[in-house]
2 protein chains.
Amino acid sequence: MKTTPEQSEQRDGTATGPGAGLGTRERIVRATARLMQRQGYEGTGIKQISREAEATLGSVYHFFPGGKQELATEAIRHGDREFAEMLRRALESRPDPAEAVLAVAKDVAAELRASDWLDGCPVTATSLGTAAHAPDIRLAASEAFERWRGLVRDKLLACGFGAQDALELAHTVINTLEGAEFTAQVARDEEPLLIAGRHLARLIDSYR
Amino acid sequence: MKTTPEQSEQRDGTATGPGAGLGTRERIVRATARLMQRQGYEGTGIKQISREAEATLGSVYHFFPGGKQELATEAIRHGDREFAEMLRRALESRPDPAEAVLAVAKDVAAELRASDWLDGCPVTATSLGTAAHAPDIRLAASEAFERWRGLVRDKLLACGFGAQDALELAHTVINTLEGAEFTAQVARDEEPLLIAGRHLARLIDSYR
DNA sequence: CACTAGATAGAGCGTTCGTTCTAGAGGGGT
DNA sequence: ACCCCTCTAGAACGAACGCTCTATCTAGTG
């Protein structure tokens, strides 16, 4: 329809749903991310994505000639950036790292509950089950975790923790939140996440 | 072919693959569990299951008239029992709960590595992405986690921990192992699990 | 021998899958 | 005026999906 990807979609009826005013490519990425977060990689069809993004199949393959796998890696990177932003904000808002991690756990719990326990970790949901036959998806997931870990590690380093302690704690912070979020999701109860937050705060404090 | 499900399959050629000598129903459950552990619920087809189990489609629907969802819940229960058994053994083998949890982490890491990073948590892999449209699968997963938690909690209670501390620690032990296993899987590195084991031991010790 | 219930066997149903393909619309450059 | 490139549009393909269906075979019972 148009060439520049911004502020278009007004001439036709494609700008009615969520993501209105965004470029076609961005709408596709967001739809992929949201759908795969809830249904997983195999559970999400490309036609469903194009429908949800209010784009046509032609557009999907125009922007993502690599097909479903490219869509998935891009969706993982999208989820990566989104959570990294939330994590960065939470870590910056509290000087104390233990309090900051507790705050992150509470934020995750609130978001999960608000979605009626549907929106778990987008990276996990999208990449699970693809490890055997899609190395680039697995790699994108690994990089997302590494980025999140880096944010936590830097916070701990800035608070005077030793290099190895900081990195190892960052590992466990991310992994525990990950596991607790999934448990909270299947149990439909935010308690596991709140317990995880308290335990992680206690663990961090034990290293001072 | 025969009525009693034990020691059959010898007259024909069905007893050649893994699970030889088992009843048809049991072979189907094991094949489902193994495949869904690696490929997830949506990524696993019923025809693939019947092929892998060396059973026919008719047999699959004969034993599991509830179809794919019933197969999945049964596979989750199978994985539940298997891990519960390993967990129980590890917890019984060490008097100290912190050491026991560390041993569990090492066992999980060894198994994951031995499978070339393919066999993650069967419960997670099977249930992820089905939460929205398959309540019984979600419930079976929730029950599995609850059972595992119960084993850890009982160990802590037996070691003199308070009731609430024991339950909360059990939550975090299972959740952290869960998250660390997935991270180890995508990173193809057992280090996250070993770090998790050490941190969990430290956390448990901090409650004495 | 006949009868029955349990289990096996697989063709075939309609649907959806991921992907490919051709056709055309829109706007800028010359 | 024309071309050209980007992007949109959706029909069509073969394969695979979950599931239903009928038919057959076996073992046990009378």
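Order of the sequence lines sets the chain letters (A, B, ...), proteins ahead of strands, with each chain counted from 1.
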- request: Would you mind classifying the nucleic acid contact of B/Phe63 as base, sugar-phosphate or nothing, using non-hydrogen atoms under 4.0 angstrom?
  value: sugar-phosphate
message: Return whichever of A/Gly43 or A/Gly58 has its heavy-atom-nearest nucleotide of DNA chain C closer to the 5' end.
response: A/Gly43
- line: Rounded to the nearest 0.5 Å, the CD atom of A/Gln69 sits from the CD1 atom of A/Ile137 at a distance of 5.0 Å
query: Over how many whole Å does the gap from A/Lys68 atom NZ to C/dT16 atom P extend?
result: 15 Å
- request: May I have the distance from A/Leu57 (atom CG) to D/dC7 (atom C1'), rounded to whole angstrom?
  value: 14 Å
C/dT8 phosphate, OP1 or OP2, under 4.0 Å from B/Thr24 side-chain N/O: yes
Separation of atom CD1 in B/Ile28 from atom P in C/dA7, rounded to whole Å: 11 Å
message: Walk me through whether B/Asp165 and B/Leu156 qualify under side-chain contact (heavy atoms from CB on, under 4.5 Å).
response: CA-CA 9 Å; B/Asp165 286 350; B/Leu156 292 169; over 6 Å; no
query: Does a side-chain N or O from B/His62 land closer than 4.0 Å to OP1 or OP2 of C/dT8, or not?
result: no
field: Under 4.0 angstrom between B/Thr56 side-chain N/O and C/dT8 OP1 or OP2
entry: no
task: Return the value, rounded to whole Å, for the distance between atom CD of B/Glu70 and atom P of D/dC19.
output: 11 Å
- request: Indicate, with a heavy-atom threshold strictly under 4.0 Å, whether A/Thr44 touches base, sugar-phosphate, or nothing.
  value: sugar-phosphate
task: May I have the distance from A/Gln69 (atom CD) to C/dT19 (atom C1'), rounded to whole angstrom?
output: 13 Å
B/Gln48 vs A/Ala55, nearer the 5' end of DNA chain D by closest nucleotide: A/Ala55
task: With the side chain counted from C-beta on, respond yes when B/Ile204 and B/Pro97 share a heavy-atom pair under 4.5 Å apart, and no when they do not.
output: yes
- prompt: B/Ile46 side chain: which of D/dG18, C/dT20, D/dT20 is closest?
  reply: D/dG18
query: Can you tell if the side chain of B/Glu52 reaches within under 4.5 Å of the side chain of B/Arg34, non-hydrogen atoms only?
result: yes
- prompt: Between D/dT6 atom C1' and A/Arg25 atom CZ, what is the distance in whole Å?
  reply: 14 Å
field: B/Gln39 CD - D/dA16 P separation (whole Å)
entry: 14 Å
statement: Ranking C/dG12, C/dT20, C/dC17 by distance to the side chain of A/Lys47, first place goes to C/dC17
field: Pair A/Thr124, A/Glu178: side-chain N/O donor-acceptor within cut-off below 3.5 Å
entry: yes
task: Could you check how far CZ of A/Arg51 sits from C1' of D/dA9, rounded to whole Å?
output: 16 Å
